[in-house]
Amino acid sequence: MITRKKGLSEEGRLALEALQKAVKNALDKKKRLGQYAVIWQDGKPKIIDFSEKNQRETTPTK
C-alpha cells in the first residue's frame, strides 16, 4: 500500500483511496472465484494463485 502524508492534495488523496479500494475489491473477487492475480513485487511480476488446490504464490518464468 502506498501512503503519503505530505505533498498530496485533497483531490489526490481521494483518488489514491479510490484506486486502493478498487484494487482490494478486484483481488477479493479473484480470491472468491479461485482465480489468480499478477502483481508487481520487488521489481518483478508475481503470480498469486487463489485456486483451492494451489494456495501458493509463484514468480512467473520466461
Side-chain angles (χ1 to χ4, degrees):
M1 183 191 309
I2 299 172
T3 58
R4 293 179 137 182
K5 293 187 179 196
K6 294 183 180 180
L8 200 57
S9 67
E10 179 66 15
E11 188 175 83
R13 186 188 61 77
L14 291 173
L16 180 60
E17 286 177 7
L19 288 170
Q20 289 173 332
K21 183 177 178 182
V23 169
K24 181 185 180 311
N25 289 341
L27 290 175
D28 287 345
K29 182 178 179 181
K30 286 185 170 289
K31 187 172 185 177
R32 283 193 316 272
L33 294 172
Q35 298 174 341
Y36 71 92
V38 180
I39 64 169
W40 194 258
Q41 188 174 42
D42 299 326
K44 294 184 255 182
K46 185 173 186 176
I47 297 173
I48 301 174
D49 191 346
F50 294 118
S51 66
E52 290 180 20
K53 57 184 171 184
N54 293 319
Q55 287 290 324
R56 61 188 171 92
E57 295 183 7
T58 60
T59 301
T61 57
K62 291 183 179 183

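Clustering ILVMFWY residues whenever any of their side-chain heavy atoms sit less than 4.5 angstrom apart, transitively, puts Phe50 in the very cluster that holds Ile39.
Heavy atoms of other residues, nucleotides or ligands lying less than 6.0 angstrom from CD of Glu10 number more than 12.
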Q.
Using the rule given for salt bridge (Lys or Arg N to Asp or Glu O under 4.0 Å), can you reason through Arg13 versus Glu17, listing the C-alpha separation, both sets of side-chain angles and the distance that settles it, and then say yes or no?
A. CA-CA 6 Å; Arg13 186 188 61 77; Glu17 286 177 7; 2.4 Å; yes

Q: Kindly indicate, with the supporting measurements, whether the criterion salt bridge (Lys or Arg N to Asp or Glu O under 4.0 Å) is fulfilled by Lys24 and Asp28.
A: CA-CA 6 Å; Lys24 181 185 180 311; Asp28 287 345; 2.9 Å; yes

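Of all heavy-atom pairs spanning Tyr36 and Asp49, the tightest one is CB-CA, 4.0 Å.
Rounding to the nearest 0.5 Å gives a distance of 14.0 Å between CG of Leu16 and NZ of Lys21.
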